[in-house]
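These numbers come from the heavy atoms of this one structure, side chains and all, not from hydrogens, waters or symmetry mates. The chains referred to below are lettered A, B, ... by the order of the sequence lines, with proteins before strands, and numbering in each begins at 1.
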Protein chains: 2
Amino acid sequence: MPTMTAAQQREQAKLAYDSFLAECPSRQLLDRLSDKWVALVLAALADEGTMRYSQLARRLAGVSQKMLTQTLRALERDGLVTRTVTPTVPVTVDYDLTPLGASLQVVVRQVKVWAEAHMDDVRSARDAYDARGA
Amino acid sequence: MPTMTAAQQREQAKLAYDSFLAECPSRQLLDRLSDKWVALVLAALADEGTMRYSQLARRLAGVSQKMLTQTLRALERDGLVTRTVTPTVPVTVDYDLTPLGASLQVVVRQVKVWAEAHMDDVRSARDAYDARGA
DNA sequence: CGGGATCCGCACGGATACTG
DNA sequence: CAGTATCCGTGCGGATCCCG
């Protein structure tokens, strides 16, 4: 199976020079937060509480169902959200933050707070930089 | 310069369907932090203080010079780091955190702290999830 | 309604070569 | 030493179709 072989080779190569990076647990968490939608899902659930799949899709307008599902699966796997299936006539699925997810959301929210507080500074720095470059 | 045109086109396109998202300043900041290397550069500069290009390249071992340069340019543009060129025999370039960059780093570090504190929980949740799936 | 499976474009990022 | 320019593979993410 050449497909697996190629994938395995990549992982092997990664492990070779990433050994010291892999040791750091924060690295994996940062990668997880890099998933663009993770922070938004966390924020949405923190604001609204329990939400259904379609509610999340609407709240994060712009996300594809593939990405939303993928994000929710990852969060569920990491124990940050719960997924509750209720076998009603059309299936109902509720998502909610776990205590662990809630605690992470508090930290992530601090980043949001920083952004809202300093975005003007960043914006003016950006303008100044662009002015010099032109 | 077609390079700039391409970049501008992307921003234009984004603004078209992201209008309501673009309103939120935290969105742009989150995207910036998604750049995988941003947090690492911030952390490195916070730990070591002033660093030269080659020092950063070694500290973040695994990053390509393309990504490192790109990341540093973005951080400089946003006023988070300073770039100082000293015209010695071989050119010397020093990078350092601005007060703004330092304040952001404090927040980002909290995420790192959370990760180190809860990574065990995440890991066990992950194992449990995988065990169910198998 | 809440997804899984599949196809596919293209932009993201690595490798290489060259410059001041 | 500290980049810039170029080429190129691939994996991320959107679109579409289908299922329970």
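Sequence neighbours left out, the pairs with a member in residues 85-95 of chain B that pass side-chain hydrogen bond (donor to acceptor under 3.5 Å, both in side chains) are B:Arg83-B:Tyr95, B:Thr88-B:Thr92. For residues 41-57 of chain B, the set of pairs meeting the salt bridge (Lys or Arg N to Asp or Glu O under 4.0 Å) definition, not counting sequence neighbours, comprises B:Asp47-B:Arg59, B:Asp47-B:Arg109, B:Glu48-B:Arg59.
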Which pairs would a plain distance check flag for residues 111-122 of chain A, meaning a side-chain donor or acceptor within less than 3.5 Å of a matching protein atom at least two apart in sequence or in another chain?
from: A:Trp114; atom 1: NE1; to: B:Ser103; atom 2: OG; distance (Å): 3.0

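The nucleotide whose nearest atom lies closest to any side-chain atom of B:Thr69 is, among D:dG13, C:dG14, D:dG3, D:dG3. Here the nucleotide nearest the side chain of B:Trp37, chosen from D:dA2, C:dG14, D:dG13, is C:dG14.
With sequence neighbours left out, the salt bridge (charged side-chain N to carboxylate O under 4.0 Å, His left out) criterion links A:Arg58 to no other residue. Remark: B:Thr69 engages B:Tyr53 in a side-chain hydrogen bond (donor to acceptor under 3.5 Å, both in side chains) (not counting sequence neighbours). Checked against salt bridge (charged side-chain N to carboxylate O under 4.0 Å, His left out), A:Arg77 has the following partners two or more places apart in sequence or in another chain: B:Asp130. Qualifying side-chain contact (heavy atoms from CB on, under 4.5 Å) partners for B:Asp96, counting only residues two or more places apart in sequence or in other chains: B:Thr50, B:Thr82. Applying the side-chain contact (heavy atoms from CB on, under 4.5 Å) rule to B:Thr71 yields the partners B:Trp37, B:Val38, B:Val41, B:Leu75; only residues at least two apart in sequence or on another chain are considered.
The nearest whole Å value for the distance from the CG atom in B:Leu60 to the P atom in C:dG13 is 15 Å. For the pair A:Tyr95 OH and C:dG2 C1', the interatomic distance rounds to 7 Å; values are reported in whole Å. Atom CZ in A:Arg73 sits about 17 Å away from atom P in D:dG13, given to the nearest Å. To the nearest angstrom, P of C:dG2 lies 15 Å from CD of A:Glu76. Between the P atom of D:dG11 and the NZ atom of B:Lys36 lies a distance of 13 Å, rounded to the nearest Å. Nucleotide C:dG13 holds its P atom 13 Å from the CG atom of B:Leu68, rounded to whole Å. Distance B:Asp35 CG to C:dG13 P: 6 Å, rounded to the nearest Å. One can place CG of A:Leu72 at 11 Å from P of C:dG2, the figure rounded to the nearest angstrom.
Between the side chain of A:Thr98 and the backbone N or O of A:Leu80, at least one donor-acceptor pair lies under 3.5 Å.
Contacts between residues 78-86 of chain B and DNA chain D, counted as heavy-atom distances below 4.0 Å, involve B:Arg83. Listed in residue order, the members of residues 41-57 of chain A having a heavy atom less than 4.0 Å from DNA chain C are A:Arg52, A:Tyr53, A:Ser54.
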Just the table, please: protein N/O against nucleotides 15-20 of chain D N/O, every pair under 3.5 Å.
from: D:dT16; atom 1: O4; to: A:Gln65; atom 2: NE2; distance (Å): 3.1

Run the side chain to side chain contact (heavy atoms under 4.5 Å, CB included) test on A:Leu104 and A:Val108 for me, step by step, so that the C-alpha distance in whole Å, both residues' side-chain angles and the decisive distance to 0.1 Å come before the verdict. CA-CA 6 Å; A:Leu104 173 56; A:Val108 171; 4.0 Å; yes
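Between B:Met51 and the options B:Leu56, B:Leu97, B:Val81, a side-chain contact (heavy atoms from CB on, under 4.5 Å) holds for only B:Leu56.
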